[in-house]
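Letters A, B, ... mirror the listed sequences (proteins, then strands); counts begin at 1.
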Amino acid sequence: MQQQYEPLAIERDAQAHWDKTRAFNVVEDRSRPKYYCLCMFPYPSGKLHMGHVRNYTIGDVMTRYHRMRGFNVLQPMGWDAFGLPAENAAMANKVAPAKWTYDNIAYMKKQLQSLGFAIDWERELATCTPQYYKWNQWLFLRMLERGIVYKKTGVVNWDPVDQTVLANEQVIDGRGWRTGAVVEKREIPMYYMRITQYADELLGALEQLPNWPERVKTMQANWIGKSYGVNFGFPYEIDGKKDVLRVFTTRADTIMGVTFNAIAAEHPLATRLARDNPKLAAFIDECKRGSVMEADLAAMEKKGMPTGFFVTHPLTNEKVEIWVGNYVLMSYGEGAVMGVPAHDERDFAFAKKYGLPIKQVVAVPGKAFSLDGWDEWYADKENGRCVNSGKYDGLTSYMQATDAIAADLKAKGLGDKQVQWRLRDWGISRQRYWGTPIPIIHCDGCGDVPVPDKDLPVVLPEDLVPDGSGNPLNKTPSYLACACPKCGKPARRETDTMDTFVDSSWYQIRFACADQANAMVDDRAKYWLPVDQYIGGIEHAILHLLYARFWTKVMRDCGLVGIDEPFTSLLTQGMVLNHIFQRKGEKGGVTYFPPDELEIERDAEGRITGARARDGKPVEYTGIGTMSKSRLNGVDPQALIEQYGADTARFFIINTSPPEFTLEWSDSGVAGASRFLKRLWAFAFDVAALVQAEARKRGDQAGYVYPADWAKQSPALAAARRELHLNLKQAQYDMQRMQFNTVASAAIKMLNALSDLSKSAEAAGNPHYAQLLHEGFSILLRTLSPITPHATHALWQELGFSGELIDAPWPEVDERALEQDEIELVLQVNGKLRGHLVVPKSADKAAIEGLALAHDSVTRFTNGQPPKKVVVVPGRLVNVVV
RNA sequence: GCCGGAAUGGCGGAACUGGUAGACGCGCCGGACUCAAAAUCCGGUGGUAGCGAUAUCGUGAGAGUUCGAGUCUCUCUUCCGGCACCA
């Protein structure tokens, strides 16, 4: 072994060893508790970025730590391999998406392996393989049978030049990203998954996820958006036909105050009324156009136009005019709202603007209603009573009146209480090539026919190269042509593919049995599921995590898995940030500069003020932000590993910030991490030499019997050993609560304590000094091993510890090492620190009080007067109150 | 607007159940080694006053509870994230 720290060689050897011994390949073992640690799998975009490295390092620390604690740990890895970027790359490079994707996977896998993650690579999967997506198709068909999948028309972005459907991210300022053509909205048939059927459970079960971050649960709850109210209708007659205008309201108690109704521009009634009203038609057009401009939406002025058409109030039979309002959303509720200006702030503003009547129907005692301006209490649900409301007068408005009014509406057959959700069903059809084929065949005679199970998978041809003008599957007769499974006549295959969120909704389940060719899941899933710890970016807080939860519940209801929730614990890691440097051009353009190519300038206190580029000219410092390609402030993990090694990269990432915080990149911080590992390495070799020399002197190799009472041997040794075990105790606690940065700190402190001891005079001649270093390194290397597995693996052998480090148990704290014969207490007078007091361990409260009161630091402040009170906190402090 | 989170030295951050604020790392300052630089090692490093022991102020602001508050309660400010003409 090299005395020089050469991370690349050390890491290569350790990785080769783990690989050869299949160290991280796991099988079900009921004799041990299992621990399934999963990081969100990467999209194979080409190469790893620092966010990946951080994500997988955090996961690896957890994996290795739990392994040491005796768990049977599964950490798998796979590839979220379908998706749009492959098609874009294909167009740019004229390579098939399949080849591009598989090449990227091969490269990124090498990168992951060079970081030394404890991954079971035998379970590796890629979602773009038929072995995987067959089961997307299979479950799709089961969902179709159960009515969870259904077909309806949906709106898509249509590029009229390329004759293709665009994803939302391909629409820039309302225009196609390639053609610049104004994007049109088109209605096409699509498949939907009835996630709304599970809305209640998806919302309610959030409470049973105590180990999910609060904000993720809140985001999901908002997204699902449950509200209680009443759905009812205003009868009307048009073209000789009777109908009702349905609205949803959370304030049914204010129905008696309705003075108008507003409907969305896209509402069918609006379309009908515009037929004989050109002014209205123009207004509706304006509304539809306006809504495209997302940015203005929030600040948009509330506008409306009367239609001259009246509906009947269901309880008073009064006539109520319909308005078209630009603020009414077609996509929420019924696309129509009742207008109660007296008790809704927005309606109030609308009524004032257009001179509509305002009718108070709720009163709060002691508050006066005025038409002059809005007051918060007008919308008070808690304290109001109904007024001007006929038979409802006097009822407490929200509770009693809502019930009474809903009952009356129900009796008339015009409405009832209803729960309204913001959540929509999940449209999964994508008019794209690089995705899971939807297993449907279109037959002129039989309609849409599901592909029979025996014909699965419907295999996606891998040699097509998209050119941007629509889905290439539509131009591939060999794919399109098929026989109808029902009647046998020639038919046409569906060419839409599934949303890639489908792929990632259940990969965590497939990892349990990735090699199972005959079923979607098998019994092994029962052992491994659910995932004990899931780790990934906050950007997936809503969609991915919600879809995965939904999918798990569907699989449960199909009898495929026995769990309700896929992820027991969730950790959302923070983003990786770096400094941003730029120079503004004469024409206002901005040029960015990579931080590592600049001479950084700092002020007297070390703050960055600016920089100088290689051309000698100044560059402006604009602060920190996420690493991004466009801002050139990304750090390439590959270069980092090549320069410093994986252990340094891992140690820096773990040590610099807690996992959930953002991580600010710092080149000097990386250098610091490297310095620590070099110091560890060099000191370990000194210790190894000393230990071997001692063993030779003793003439036995049998190892050590540590002395029972270190304190008697030497105060310095006892103090160092105490420091060691104190830090171990801290590291243990911090591992449990996933605050890994302080685990790294504890390891540094352990090394500092041992190396300080090596410089003390007391250590030199002490017969137990080598023993303490030996014990110290056995603890230090194990504490550090989840973070920097390679260097610790090599040093474990160098120091002659038995077995392999990855099989060594997590070290145990020796509580006796923490005990002290004398304890230093903090002396406070009136809560302020005034000095320190050393007392024997055995001293009781009275004795401590006596010593404290006699202490100089106290008598200085007491002026001989007796104290009002003395607070003694055992083992901590004495506070004298005067 | 609503919901969630946060605010601690020059910087990242530590302080678990209220009990020595600033651990550890980075940066900075000084020193050693060197012809010199890099690397490495040693020492210092919240502000103010003082040669010093020490005093005093100090965890976004203000109040409160307490012998004692970064930590608990209330009010406010700022920042970050999410959602939102949601009926």
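Cation-pi check for A/Lys381 over A/Tyr398 is met; the charged atom lies under 6.0 angstrom from the ring centroid and within 45 degrees of its normal.
Between the side chains of A/Asn752 and A/Arg679, at least one donor N or O sits under 3.5 Å from an acceptor N or O. Checking A/Thr626 against A/Ser628 by side-chain atom types alone, no donor-acceptor pair falls below 3.5 Å. No hydrogens or angles considered: a donor-acceptor pair under 3.5 Å links the side chains of A/Glu660 and A/Thr572. Donor-acceptor pairing under 3.5 Å is recorded for the side chains of A/Asn231 and A/Glu334.
The stretch residues 728-744 of chain A comes close to RNA chain B through A/Gln730, A/Tyr733, A/Arg737, A/Gln739, A/Asn741, A/Thr742, each having a heavy atom under 4.0 Å from the strand. Of the residues in residues 256-265 of chain A, none lies under 4.0 Å from RNA chain B by heavy-atom distance.
For A/Lys729 and A/Glu815, the salt-bridge test passes: some basic side-chain N is under 4.0 Å from an acidic carboxylate O.
When the C1' atom is used for both B/U54 and B/G81, the distance is 47 Å, rounded to whole Å. Atom P of B/G22 sits at a distance of 16 Å from the matching atom of B/G10, rounded to the whole Å. Taking the C1' atom of each, B/A15 and B/C80 are spaced 24 Å apart, rounded to whole Å. Across B/A7 and B/A55, the matching C1' atoms stand 30 Å from one another, rounded to whole Å. For the P atoms, the distance from B/C76 to B/C28 is 43 Å, rounded to whole Å. The P atoms of B/C67 and B/G18 are separated by 15 Å, rounded to the nearest whole Å. Taking the P atom of each, B/C24 and B/G68 are spaced 30 Å apart, rounded to whole Å. The gap from the C1' atom of B/U66 to that of B/G13 amounts to 29 Å, rounded to the nearest Å.
Closest approach of A/Pro341 to A/Phe260, counting heavy atoms only: CG-CE2, 3.9 Å. Annotation for A/Gln573 and A/Gly537: closest pair OE1-N, 3.7 Å, computed over non-hydrogen atoms.
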RNA chain B in dot-bracket form (Watson-Crick or G-U pairs under 3.5 Å, [ ] crossing, | inter-strand) is (((((((..(((......[....)))((((((.......))))))((((....))))..(((((..]....))))))))))))....

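At B/C26, one or more side-chain N or O atoms of A/Arg675 fall inside 4.0 Å of OP1 or OP2 (strictly under the cut-off). Considering only side-chain N and O atoms, A/Arg422 lies under 4.0 angstrom from the phosphate OP1 or OP2 of B/A84.
Nucleotide B/C24 holds its P atom 6 Å from the NZ atom of A/Lys749, rounded to whole Å. Atom CD in A/Glu266 sits roughly 13 Å away from atom P in B/C85 (whole-Å rounding). Atom NZ in A/Lys678 sits roughly 11 Å away from atom C1' in B/A38 (whole-Å rounding). Rounded to whole Å, atom P of B/C83 lies 19 Å from atom NZ of A/Lys217. To the nearest angstrom, P of B/A87 lies 16 Å from CZ of A/Phe234.
Every residue meeting the ring-ring contact (aromatic ring centres under 6.0 Å, His included) condition with A/Trp810, not counting sequence neighbours, appears here in chain and number order: A/Tyr65. Not counting sequence neighbours, A/Lys749 has no partner by the salt bridge (charged side-chain N to carboxylate O under 4.0 Å, His left out) test. Residues satisfying the ring-ring contact (aromatic ring centres under 6.0 Å, His included) criterion with A/Tyr354, sequence neighbours excluded, are A/Trp323, A/Phe350. Residues satisfying the salt bridge (charged side-chain N to carboxylate O under 4.0 Å, His left out) criterion with A/Arg549, sequence neighbours excluded, are A/Glu565. By the side-chain contact (heavy atoms from CB on, under 4.5 Å) test, A/His540 is found to be paired with A/Met40, A/His544, residues two or more places apart in sequence or in another chain being considered. With sequence neighbours excluded, no residue forms a ring-ring contact (aromatic ring centres under 6.0 Å, His included) with A/Trp212. Take A/Asp253 and apply the salt bridge (charged side-chain N to carboxylate O under 4.0 Å, His left out) test, not counting sequence neighbours, and it matches A/Arg251.
Within the 4.0 angstrom heavy-atom criterion, only backbone atoms of the sugar-phosphate kind lie near A/Pro658; the bases stay farther away. Using a 4.0 Å heavy-atom cutoff across all strands shown, A/Phe661 reaches sugar-phosphate atoms only and no base atom. Residue A/Lys226 is classed as having no contact, given no heavy-atom separation below 4.0 Å to the nucleic acid. If you check every strand for non-hydrogen atoms under 4.0 Å, A/Gly672 touches sugar and phosphate atoms only.
Nearest to the side-chain atoms of A/Asn752 among the listed nucleotides B/G25, B/U20, B/G5 stands B/G25. Taking the side chain of A/Glu214 as heavy atoms from C-beta on, and the options B/C42, B/G4, B/U40, the nearest nucleotide is B/G4. Looking at the side chain of A/Trp223, the nearest of the listed nucleotides B/G25, B/C83, B/A87 is B/C83. For A/Ser745, the listed nucleotide lying nearest its side chain is B/A23; candidates were B/A84, B/A23, B/U40. Nearest nucleotide to the side chain of A/Arg346, out of B/G27, B/C86, B/C3: B/C86.
Glycosidic torsion of B/G9 falls within 90° of 0, placing the base in syn.
Side-chain N or O atoms of A/Arg722 include one that pairs as donor or acceptor with a backbone N or O of A/Leu818 at under 3.5 Å. Side chain of A/Asn578 to backbone of A/Pro595: no donor-acceptor contact under 3.5 angstrom is found.
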Hey, what are the protein-to-nucleotides 62-68 of chain B N/O distances that come in under 3.5 Å?
residue, atom, partner, partner atom, Å
B/C67, OP1, A/Lys869, NZ, 3.4
B/C67, O2', A/Asn879, ND2, 3.3
B/C67, O2, A/Asn879, ND2, 2.4

For nucleotides 55-60 of chain B, give me every protein contact, N/O to N/O, under 3.5 Å, one pair per line with atom names.
residue, atom, partner, partner atom, Å
B/A55, OP1, A/Arg834, NH1, 3.2
B/U56, OP2, A/Arg834, NH1, 2.9
B/U56, OP2, A/Arg834, NH2, 3.4
B/C57, OP2, A/Lys832, NZ, 3.1

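Comparing A/Val216 and A/Thr249 along RNA chain B, the residue whose closest nucleotide (by nearest heavy atom) sits nearer the 5' end is A/Val216. Map A/Arg876 and A/Leu663 each onto its nearest nucleotide of RNA chain B; the residue landing nearer the 5' end is A/Leu663.
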Starting from the C-alpha separation in whole Å, work towards a yes-or-no answer on side chain to side chain contact (heavy atoms under 4.5 Å, CB included) for A/Lys303 and A/Phe283.
CA-CA 10 Å; A/Lys303 281 193 200 162; A/Phe283 177 70; 4.1 Å; yes

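A/Tyr5 and A/Trp681 have tilted rings, their planes meeting at an angle from 30° to 60° on a 0 to 90° scale.
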